[in-house]
Amino acid sequence: MKFGPVAIERAVGAVAAHALKSGGHVLRKGARVTEEDVAALAKAGVSEIVVAELAADDVPEDEAARRIAAALLGPEVRCEAPFTGRCNLFAEKAGVLIVDRAAVDALNELDEAVTFATLSEHAAVAADAMVATVKIIPFALSEEIVARAEALARSRAPLVSVAPYSVRRVAAISTILPGLDAKVVDKTITTFERRLQPSSAKLIAERRVRHNEAALTAALKEIEPDKAELIVIFGASAVTDRRDVVPGAIEAAGGVVERLGMPVDPGNLLLLGRIGRATVLGAPGCARSPKENGFDWVLNRLLARAPVGAKEIASMGVGGLLMEIVSRPQPRAAAETPRVTPKPKIAGLVLAAGRSTRMGGPNKLLEPLLGRPMVRHAAAAALGAGLSEVVVVTGHQGSALEAALSGLPVRFASNPDYAEGLSTSLRAGLAALSRDVDGVVVLLGDMPGVTAPLVRRIAEAFEPETGAHIVTPARGGRRGNPVLWGRRFFPDLARVEGDVGGRHLLELHPEAVREVEAEDDGALIDVDTPEMLKALQAIR
């Protein structure tokens, strides 16, 4: 193939190297130059263009990509029509992507003009998801290069394939210790069922038993008649030794433990075993979180019956350091030097910058309740709880709000962007907090029913060392306000946009949330309308 500038009259049949627009005529990059193109461009004053001139034995880029892609693909993968030198490969069914990494490297080393890229090895893919692409760099390849690439691909094929999800019957056993809230187990099972959805596997049996070897052994034997193909054990306490409760129960039930521990973090404390024809997976603590962790890596492969045993788990170390999960406590101190955890320093943040648009005129935060402005109730609740500091974010009618809180030991943070929504006040308040606070209770200025005792109980329930990084009040199964956020969540809160707070983070991090039962409905009621304000004024 020749590449370079040629006189316009010699360009017919060549491939345009660049897009060209002149005199209203458009010549696309990669298009074959026609006589009409030449006439139009010459008329516009173009005397030469850059083209690729193919030799007799050259293979155009699209055909080269198609041939190489067809030679390397495996089961449940299809290639679609090539374009601009690219041929994309797609999964025919949902499953796990199987990649021969060494063969992919060999193909990419064959010639710089041939490139082949895939998703991560063992990626979970949906049906019709793109899994790989062959891209030819120049506009054509010699037949010799294409033939060598095809031969290599066929000799090593398949370079990529999809192992379809085929496990359908799954059982789960949760072990229970005193102090483990039933809601935690409920949410764990809900999260697990969501993990199963892409594979169409179903939870056919679920058991909850005491965290001891005898109870767990009995549960494993009880589930056997259900013919589960996969049994997942969510232990109340992480497995740290082959003599621990979970591995002991598997062996007592007639099974074997193939691997304890994996080089993926989070996910280190995973256990893989077998009882008869059923695979048994001892879930690490991070499996309670919906975030991706080592548990997902193994679970997806098991659901697709892809190779996963002690050897495969041992090979997961490269790339196995995943994002930190907020629920993990800090590293344990040495046994001989026990660590004394200081009392967390908790601040209060009162959001009071809004415009009260639904009130139809007056600023509701300045309206009287029990003889004092509404916003003063929220500030008093924070101060009465003994928090380390209280910051009030103002915006709309800021001077009037500061006057309404005169005499109270609070600091003010101005939010000039208050009209853009609650998130801007949250950012302004977080920025104004002292740098040494461990957490913050975010109070809404329009919730006068929140009391100092409730705020104090919320602050006392904050235990980051045990994974409780968020504390929220609840009443009759409904979560309310104020919410305490540990410092680990400050960056997430600062990224929230619009007229919303951080409520969605509670759903994303259920493992980090602790609930405190409220004694009345004050944690659920915010004053939004004149009618609601009048009703409260009448009651109080």
Side-chain angles (χ1 to χ4, degrees), residues 171-196 203 205-212 215-216 219 232-240 244-246 249 266-267 269 281-291 293 295 325-330 341 344 346 438-439 441-442 450 453-486 488-489 502-524:
I173 303 175
S174 300
T175 66
I176 310 297
L177 282 172
L180 180 63
D181 195 327
K183 291 182 180 179
V184 172
V185 180
D186 292 341
K187 291 174 182 177
T188 298
I189 297 301
T190 298
T191 298
F192 181 51
E193 288 182 309
R194 288 174 182 162
R195 279 189 162 97
L196 296 178
L203 193 60
E206 193 225 330
R207 302 288 188 275
R208 302 182 186 191
V209 300
R210 295 190 308 277
H211 187 76
N212 62 58
L216 182 53
V232 178
I233 301 172
F234 295 98
S237 180
V239 180
T240 57
D244 210 337
V245 169
V246 174
L269 303 182
L281 194 56
C286 59
R288 298 188 189 277
S289 167
K291 282 193 171 184
N293 55 70
F295 177 70
I325 59 171
V326 297
S327 63
R328 184 187 292 115
Q330 296 301 312
T341 303
I346 309 298
D438 300 299
V441 181
V442 180
V450 171
L454 175 61
V455 176
R456 186 180 299 110
R457 289 173 54 218
I458 290 172
E460 290 172 349
F462 177 62
E463 292 182 344
E465 68 275 6
T466 63
H469 294 271
I470 306 172
V471 185
T472 178
R475 174 73 169 172
R478 294 174 58 196
R479 287 175 172 171
N481 282 296
V483 177
L484 188 159
W485 300 92
R488 289 196 184 184
F489 281 97
R503 181 70 53 179
H504 66 288
L505 296 173
L506 276 65
E507 301 301 324
L508 292 176
H509 303 278
E511 79 288 351
V513 181
R514 175 173 294 177
E515 292 184 354
V516 170
E517 191 66 25
E519 296 179 351
D520 55 39
D521 292 340
L524 305 176

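The shown structure was predicted, so the numbers you read here are calculated from the model rather than taken from an experiment.
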With distance as the sole test, does [X] use its side chain to make a donor-acceptor pair with the main-chain N or O of [Y] at under 3.5 Å?
{"X": "D244", "Y": "V246", "value": "no"}
{"X": "N212", "Y": "A215", "value": "yes"}
{"X": "R194", "Y": "P290", "value": "no"}

- Task: State which residues pass side chain to side chain donor-acceptor pair (under 3.5 Å) with T175; sequence neighbours excluded, sorted by chain then number.
- Result: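 Here the qualifying residues are H211.
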
- Query: With sequence neighbours excluded, what pairs up with R207 under the salt bridge (charged side-chain N to carboxylate O under 4.0 Å, His left out) test?
  - Reply: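 Partners of R207 by the salt bridge (charged side-chain N to carboxylate O under 4.0 Å, His left out) criterion, ordered by chain and then number, come out as E222, D226.
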
- E463: what forms a salt bridge (charged side-chain N to carboxylate O under 4.0 Å, His left out) with it, not counting sequence neighbours?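 So E463 forms a salt bridge (charged side-chain N to carboxylate O under 4.0 Å, His left out) with R514.
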
- Query: How are the rings of F295 and F192 set to each other: parallel, tilted or perpendicular (split at 30° and 60°)?
  - Reply: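 It falls in the tilted class, 30° to 60°.
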
- If you count the non-hydrogen atoms of other residues, nucleotides and ligands that lie under 6.0 Å from CZ in R503, is the total more than 12?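 Correct, the count exceeds 12.
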
- Task: Report, as yes or no, whether the 6.0 Å neighbourhood of atom CD on E517 holds more than 12 heavy atoms from other residues, nucleotides or ligands.
- Result: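 Yes - once you tally the heavy atoms of other residues, nucleotides and ligands closer than 6.0 Å, there are more than 12.
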
- Task: Applying side chain to side chain contact (heavy atoms under 4.5 Å, CB included) between V513 and each of L505, V184, L506, report the one that passes.
- Result: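 Among L505, V184, L506, the one meeting side chain to side chain contact (heavy atoms under 4.5 Å, CB included) with V513 is L506.
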
- Minimum-distance pair of heavy atoms, taken over all atoms of S237 and L177: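 Looks like CB-CD1, 4.1 Å.
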
- Message: Could you go through V442 and N481, starting from their C-alpha distance and side-chain angles, then the distance that decides it, and tell me whether this counts as side-chain contact (heavy atoms from CB on, under 4.5 Å)?
- Response: CA-CA 8 Å; V442 180; N481 282 296; over 6 Å; no

- Message: Under a plain distance cut-off of 3.5 Å, with no hydrogens placed, do R288 and N293 share a side-chain donor-acceptor pair?
- Response: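 No - no donor-acceptor pair under 3.5 Å links their side chains.
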
- Could you give the distance from CD1 (I346) to CD1 (I458), rounded to the nearest 0.5 Å?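 Between atom CD1 of I346 and atom CD1 of I458 there are 11.0 Å.
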
